[in-house]
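Beneath this line is the structure, given in structure tokens, with notes to follow.
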Amino acid sequence: MALTTIDNFINNEFVKPTEGAYFDTFNPAHGVPHGQIPDSTKPDVDLAYKAASTAFTTWSKTTKAERSRILYKIADLIDARQDEFVRAESKDQGKPISLAKSVDIPRAAYNFRFFAGKILHSVEEAAELEGVGFNYSQRMPIGVAGLISPWNLPLYLLTWKIAPCIACGNTAICKPSEFTSLTAYMLCSVLKDAGLPAGVVNMVFGTGMKAGQALVEHPRIPLISFTGGTVTGAKIIANSAPYFKKLSLELGGKNANIVFADCDFEKALTTSLRSSFANQGEICLCGSRIFVERPIYEKFLNGLVEGAKKLKVGDPSAPDTNLGALVSKEHWEKVMSYIDLGVKEGGKIECGGQKPVSLQGEFQNGYFLEPTIISGLTPSCRVMREEIFGPVVTIYAFDTEEEVIQITNDSEYGLSCSIWTENGRRARRVAGEIQAGTVWVNTWMARDLRMPFGGMKKSGLGREGGEHSLDFYTELKTICLAD
Ligand code: NDP
């Protein structure tokens, strides 16, 4: 089968990497290469920087109305090519096509639409300083931004960065994940067709070690927005420190899913199946530590196991598939190693733990894994503390509200948490105590782009969403006019 070769996108042109090197990218469901990605290096980032800094001089002065018009157009073109994007995202990432269609691609379009509207309707501060004068605040675009994204929600998360970045008048150099570059490549044509001026968005494909690091260490790129793992986040902090860059870091999680005995049982169970296994558990917001109040523990565990066994694992392009393939062989091996560790730590595999034997033929070498539930571990076990980022959850019985708050917060992560209870007072009380950037009560993954989003502790630095995105992608200054 012919491999799709993609190229960098600089100054609205597709260009080959300067050193001419490419590497294979794999179809996770088949375990075979299906494309070639430029192995970009520092000279490619330098070229992109030249284009982006030239474009900044005019784009930063373009009216908000014009920027907004182009962003709306980009959203419309993503919608118009939705099927194409959906198929590509599912094939490249391994995710079920139904998820790409209902979540990833509509959200990518919405990211542009949201910030197209947001910049037109935001108001700055103004205050009279009695007897002295009048102050007002003004936002300035910052310059060329480095946008580095992961592989789990490829276009969704990349556009979550591009849209506010360019809406605010900055220009961008993007480095999508080496594992999932296809939809970012397709987006380049959309940007061009929407009339985005040359150099405003540039894509440099390749690895984090080469292209990503060159962006982080580029002395003239003043801001980096990064979504990815906590270990990489720490490297980015260290490598960018000499340049005093503005950083937004959306990092890993080990999110709690707290189920009280007074919950709406069916709703808690159905949503917990989704929050455990959606996108093969490869969503930073998945609830991988399930804590169930003891009176309903057995019933909930049985229901969860029964539900997990019914989930269909297999061909990502089949409309009824629930779990596709994990993104890469390395990641599959990492997730499997945590299942082995769970057994060594004394856990019981309630279901899953294997590659489904039924997957043969073209799927025989795919990176599939059954939804896996592990019981019998204590909160101090590594499997209950470290991010696995796959279809593997632990389940644990708790006795009191105080206990579950303590074990939830006894984590180096603090990204999100779900609480299931029909007692409104308890919901507010527990939500108020939880150390996480987002707490959902009786729901999961309900995202409102107007609200702050980010992580506490090792789950991230800074907040994005609504005004917070504008805060990150602009410099805010105060101007004082004397009487
Ligand atoms: P990684 O941290 O491995 O990679 C993320 C991006 O950073 C990739 O583009 C990667 O390149 C690049 N990168 C790697 N090393 C460097 C470096 N030294 N300098 C600059 N860039 C670098 O994360 P994953 O892609 O494995 O994504 C999974 C992680 O992302 C999980 O921990 C998950 O929790 C987190 N995540 C967090 C979210 C949030 O909102 N908080 C949302 C989604 C995911 P390469 O292409 O080589 O991998």
Side-chain angles (χ1 to χ4, degrees), residues 23 25-26 37-42 45 92-93 95 103-104 107 146-161 173-182 184 203-218 221 224-241 245 247-255 278-288 326-328 330-332 334-335 386-390 411-416 436-438 445 447 449 452-465 468-469:
F23 57 83
T25 182
F26 285 69
I37 309 294
D39 191 3
S40 304
T41 51
K42 188 174 173 301
V45 169
D92 203 28
Q93 205 275 340
K95 67 178 66 224
V103 176
D104 293 73
R107 170 62 189 275
L147 310 179
I148 304 175
S149 55
W151 47 253
N152 63 324
L153 301 168
L155 196 67
Y156 170 132
L157 288 172
L158 181 64
T159 54
W160 172 240
K161 300 180 186 306
I173 305 175
C174 310
K175 208 300 281 173
S177 166
E178 63 175 285
F179 299 103
T180 53
S181 297
L182 196 54
M203 298 271 180
V204 174
F205 296 100
T207 67
M209 288 309 292
K210 294 183 190 171
Q213 196 150 325
L215 269 180
V216 171
E217 293 179 343
H218 196 292
I221 293 178
I224 298 285
S225 173
F226 168 79
T227 302
T230 294
V231 171
T232 317
K235 281 189 201 152
I236 288 177
I237 295 174
N239 293 339
S240 65
K245 297 190 183 215
L247 293 183
S248 170
L249 304 177
E250 296 191 351
L251 307 177
K254 187 75 180 174
N255 310 306
N279 206 39
Q280 304 76 243
E282 297 166 330
I283 300 180
C284 54
L285 303 167
C286 278
S288 54
L326 300 197
V327 73
S328 67
E330 297 73 22
H331 189 58
W332 185 89
K334 177 190 148 189
V335 175
E386 297 175 15
E387 186 184 45
I388 301 174
F389 215 55
S411 167
E412 56 182 18
Y413 295 108
L415 191 56
S416 72
T438 300
M445 197 75 177
R447 286 276 290 113
L449 304 196
F453 179 80
M456 296 183 187
K457 301 188 264 187
K458 287 190 180 172
S459 287
L461 277 186
R463 294 291 178 273
E464 294 195 37
H468 302 275
S469 294

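Positions are given from 1 along the sequence. Both ligands and their constituent atoms are indexed starting at 1 by order of listing.
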Item checked: Under 4.0 Å to a heavy atom of Leu157 - the qualifying atoms of ligand 1, by number -> 42 (C), 43 (C)

Check: Who's the nearest protein heavy-atom neighbour of atom 28 (C) of ligand 1, and how far?
Finding: Phe389 CE2, 3.5 Å

Checklist line | Minimal non-hydrogen separation, Phe23 against Thr207, with atom names | finding: CE2-CG2, 3.9 Å

Next item on the list: Specify the protein heavy atom at minimum distance from atom 11 (O) of ligand 1: its residue, its atom name, and the distance to 0.1 Å.
Entry: Lys175 NZ, 2.9 Å

Notebook entry, point to check: Please state which protein non-hydrogen atom is closest to atom 26 (O) of ligand 1 and give its distance, to 0.1 Å?
Noted result: Trp151 NE1, 2.9 Å

Next item on the list: Scan Thr180, Asn279, Asn152 and name whichever one has a side chain to side chain donor-acceptor pair (under 3.5 Å) with Lys95.
Entry: Asn279

Next item on the list: May I ask you to list the atoms of ligand 1 that are less than 4.0 angstrom from any heavy atom of Phe453?
Entry: 40 (O)

Check: Identify the closest protein heavy atom to atom 7 (O) of ligand 1: which residue and atom is it, and at what distance?
Finding: Phe226 CE1, 3.1 Å

Notebook entry, point to check: How far is atom 35 (C) of ligand 1 from its nearest protein heavy atom, and which residue and atom name does that atom have?
Noted result: Gly228 O, 3.2 Å

Next item on the list: Counting heavy atoms only, name the option from Asn255, Val327, Thr230, Asn152 that's nearest to atom 43 (C) of ligand 1.
Entry: Asn152

Next item on the list: Keeping the roles fixed (side chain from Asp92, backbone from Ser181), state whether a donor-acceptor pair exists under 3.5 Å.
Entry: yes

Note to self: Please list, in number order, the atoms of ligand 1 under 4.0 Å from a heavy atom of Leu415.
What the structure shows: 41 (N)

Margin query: What I'd like to find out is whether the side chain of Met445 reaches to under 4.5 Å of the side chain of Ile283, using heavy atoms alone.
Written below: yes

Item checked: Distance from atom 46 (O) of ligand 1 to nearest protein heavy atom, with residue and atom -> Glu178 N, 2.5 Å

Next item on the list: Step by step, work out the side-chain contact (heavy atoms from CB on, under 4.5 Å) result for Asp104 and Leu155.
Entry: CA-CA 7 Å; Asp104 293 73; Leu155 196 67; 6.0 Å; no

Notebook entry, point to check: Can you check whether Leu251 has an N/O within less than 3.5 Å of an N/O in ligand 1?
Noted result: yes

Notebook entry, point to check: Which of these, Ser225, Ser149, Ser469, sits in a side chain to side chain donor-acceptor pair (under 3.5 Å) with Lys161?
Noted result: Ser225

Note to self: Between Glu282 and Val327 (side chain of the first, backbone of the second, donor and acceptor by atom type, cut-off under 3.5 Å), is there such a pair?
What the structure shows: yes

Check: Does any N or O in the side chain of Asn239 come within less than 3.5 Å of the main-chain N or O of Gln213, such that one atom is a donor and the other an acceptor?
Finding: no

Check: What atoms of ligand 1 come closer than 4.0 angstrom to any heavy atom of Thr207?
Finding: 47 (O)

Checklist line | atom 38 (C) of ligand 1 - nearest protein heavy atom and its distance | finding: Cys284 SG, 3.0 Å

Checklist line | Best match, Ser149, Gly212, Gly208, Gly252: closest heavy atom to atom 9 (O) of ligand 1 | finding: Ser149

Margin query: Which of the numbered atoms in ligand 1 are under 4.0 angstrom from any heavy atom belonging to Gly206?
Written below: 46 (O)

Margin query: Using heavy-atom distances only, which candidate in Leu147, Thr232, Leu215 approaches atom 16 (C) of ligand 1 most closely?
Written below: Thr232

Exercise answer: donor-acceptor pairs, residues 454-461 side-chain atoms, under 3.5 Å, sequence neighbours excluded:
residue : atom : partner : partner atom : Å
Lys457  : NZ   : Asn409  : O            : 2.9
Lys457  : NZ   : Ser411  : O            : 2.8
Lys457  : NZ   : Gln435  : OE1          : 2.7
Lys458  : NZ   : Glu412  : OE1          : 3.3
Ser459  : OG   : Gly252  : O            : 2.6
Ser459  : OG   : Gly414  : N            : 2.9
Ser459  : OG   : Leu415  : N            : 3.3

Checklist line | Contact check, side chains of Thr438 and Asn255, non-hydrogen atoms, under 4.5 Å | finding: no

Checklist line | Which residue and heavy atom of the protein sit nearest atom 32 (O) of ligand 1, plus the separation | finding: Glu387 OE1, 2.6 Å

